[in-house]
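Right, one structure below, let's go through it.
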Amino acid sequence: MSTLSSFSYLSFDYVHTTDWTISTADDSFIFHVLNAYVDTSRDSILEFAVLKVWGKHDLRHILKVLSRHRNIKGIASLKPLNDGYPKQLLVTLKGDAGDSTRYMAHVLGGIEVKAVYENGIEHWGFMFPNDESAKSFLTMVGKRGVIKKYRLENANMDNIMANALRNAALLLTPSEFKITKIAYSKGYFEVPRMIKLDDLAKELGLSKATVDEYIRGAVRKILEHVFADEA
């Protein structure tokens, strides 16, 4: 296990009573932030996320909330990733920094590791320079909502990297995710491989070319997400 002894990792569940998420408590959805950018010069936030909803009514209501809430300056983009429901969409939101949880963390030197919103609850993870900064942050956010529970510990690089890979997996189509997961469980990515592509395709009842296309597509998306900042 690799630790960053000079940093503290804070994770917590939060009911943000002044944000848009509080208005979605009755909706069935998961809003998983892949990346975010804090623009201090314009007091704004950009969120790049995958929104997963289980029904048309939930989607309509969430979009209505996003289009009307005072903390949201606009929906910059909205792109469906699949047909039918549950539906996944790539969403880019432009928000106001004044009431932003990540903006408060940014001011105190916090680095965002996790941001997942579901059914009115926000699940956060931040890395701070020390425990004192993390505790000051908790005091700040506590004035704008209810902290359901929190955990403060030494930063663990293994957990942080695992979360980054989970974020990347959200970009996969259901077929890419399913086939790549099965390929992984069968030892396709081991060296040497424990199963050949031909045998994997036979087990899945698909052509060799189709399985290869799904796996290559999934690996490309994961690598593009992980190494996006290196381009």
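Atoms considered below: every heavy atom in the structure, side chains included; atoms not considered: hydrogens, waters and symmetry mates.
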- request: Spell out, as yes or no, whether a donor-acceptor pair under 3.5 Å connects the side chain of Asn71 to the backbone of Thr18.
  value: yes

Full working for salt bridge (Lys or Arg N to Asp or Glu O under 4.0 Å) between Lys208 and Asp212: CA-CA 6 Å; Lys208 178 180 176 180; Asp212 184 57; over 6 Å; no

query: Got Val141 and Ile147 here, is their nearest side-chain heavy-atom distance under 4.5 Å?
result: yes

- prompt: Which one of Glu118, His32, Lys114 satisfies the side-chain hydrogen bond (donor to acceptor under 3.5 Å, both in side chains) criterion with His123?
  reply: Glu118

Audit row: Phe126, Thr101, side-chain contact (heavy atoms from CB on, under 4.5 Å) steps and yes/no: CA-CA 11 Å; Phe126 290 100; Thr101 301; 4.2 Å; yes

message: Does Leu51 form a side-chain contact (heavy atoms from CB on, under 4.5 Å) with Leu59? I'd like the steps, not just the answer.
response: CA-CA 9 Å; Leu51 169 63; Leu59 179 57; 4.1 Å; yes

- request: Rounded to the nearest 0.5 Å, what's the gap from OG1 on Thr92 to OH on Tyr37? Could you check?
  value: 15.0 Å

field: Close side-chain approach of Glu47 and Val91, heavy atoms under 4.5 Å
entry: no

query: Going through the checks in order, is the side-chain contact (heavy atoms from CB on, under 4.5 Å) test met by Ile75 and Leu63?
result: CA-CA 9 Å; Ile75 302 175; Leu63 294 179; 4.3 Å; yes

- request: Determine, using the 4.5 Å side-chain heavy-atom cutoff (strictly less than), whether Val219 and Leu197 are members of one ILVMFWY cluster.
  value: yes

message: Measuring centre to centre across the rings, with the benzene-like ring taken for any Trp, is Trp20 within less than 6.0 Å of Phe31?
response: yes

Within-4.5 Å side-chain heavy-atom neighbours: Asp27 and Val53: no

- prompt: So, do Tyr150 and Phe137 have ring centers that fall under 6.0 Å from each other?
  reply: no

query: Can you get from Leu78 to Ile62 by hopping between Ile, Leu, Val, Met, Phe, Trp and Tyr side chains that sit under 4.5 Å apart?
result: yes

- request: Would you mind reporting whether Leu90 and Leu34 have side-chain heavy atoms less than 4.5 Å apart?
  value: yes

statement: Closest non-hydrogen contact found for Glu112 with Val33 is OE2-CG1, 4.0 Å

- request: Over all heavy atoms of both residues, which pair between Glu122 and Thr21 is shortest? Give the atoms and the distance, please.
  value: OE2-OG1, 2.6 Å

message: Does any part of the side chain of Asp96, heavy atoms only, come nearer than 4.5 Å to the side chain of Arg70, both counted from C-beta?
response: no

query: Does the side-chain contact (heavy atoms from CB on, under 4.5 Å) test come out yes or no for Leu206 and Ile179, once each step is laid out?
result: CA-CA 10 Å; Leu206 299 170; Ile179 290 174; 3.6 Å; yes

Please output the side-chain donor-acceptor pairs of residues 198-205 that fall under 3.5 Å, not counting sequence neighbours, one pair per line with the distance.
| unit_1 | atom_1 | unit_2 | atom_2 | d |
| --- | --- | --- | --- | --- |
| Glu203 | OE1 | Lys186 | NZ | 3.1 |

query: Can you tell me how far CD of Glu176 sits from CG of Asn82, rounded to the nearest 0.5 angstrom?
result: 11.5 Å

query: Applying the 4.5 Å side-chain criterion to the ILVMFWY set and letting contacts propagate, would Leu10 and Val107 be lumped into a single cluster?
result: no

Ile30 reachable from Val15 in the ILVMFWY side-chain graph, under 4.5 Å edges: no

- prompt: How long is the gap from CG on Asn119 to CG on Asp26, to the nearest 0.5 Å?
  reply: 9.0 Å

query: Is any side-chain heavy atom of Thr180 closer than 4.5 Å to a side-chain heavy atom of Phe189?
result: yes

Any residue meeting salt bridge (charged side-chain N to carboxylate O under 4.0 Å, His left out) with Asp99, in chain and number order, not counting sequence neighbours: Arg144

query: Do the non-hydrogen side-chain atoms of Met140 and Leu108 ever get within less than 4.5 Å of each other?
result: yes

- request: Could you tell me which residues satisfy salt bridge (charged side-chain N to carboxylate O under 4.0 Å, His left out) with Arg60, sequence neighbours excluded, listed by chain and number?
  value: none

field: Nearest non-hydrogen partners of Ala183 and Ile215, listed with the distance
entry: CB-CD1, 3.9 Å

- prompt: Between Thr17 and Gly145, which heavy-atom pair has the shortest distance, and what is it?
  reply: OG1-CA, 3.7 Å

statement: Correct closest heavy-atom pair for Ile22 and His16 would be CB-O, 3.6 Å

- prompt: When rounded to the nearest 0.5 angstrom, what distance separates CG in Asp131 from CD in Glu153?
  reply: 10.5 Å

Tyr117 side chain near Tyr14 side chain, heavy-atom distance below 4.5 Å: no

message: Looking at Lys94, I'd like to know if its NZ atom is crowded, meaning that more than 12 non-hydrogen atoms belonging to other residues, nucleotides or ligands lie closer than 6.0 Å.
response: no

query: What do you reckon, is OH of Tyr214 surrounded by more than 12 foreign heavy atoms closer than 6.0 Å?
result: no

query: Is the CZ atom of Phe48 crowded by more than 12 outside heavy atoms at less than 6.0 Å?
result: yes

query: In Å and rounded to the nearest 0.5 Å, what is the OG to NZ distance from Ser28 to Lys52?
result: 11.5 Å

- prompt: Looking at Tyr184, does the NZ or CZ of Lys181 lie under 6.0 angstrom from its six-membered ring centre and within 45 degrees of the ring axis?
  reply: no

statement: Smallest heavy-atom separation, Gly109 atom then Pro129 atom, equals O-CD, 3.6 Å

query: Once you round to the nearest 0.5 Å, how far does CZ of Phe29 lie from CH2 of Trp54?
result: 9.5 Å

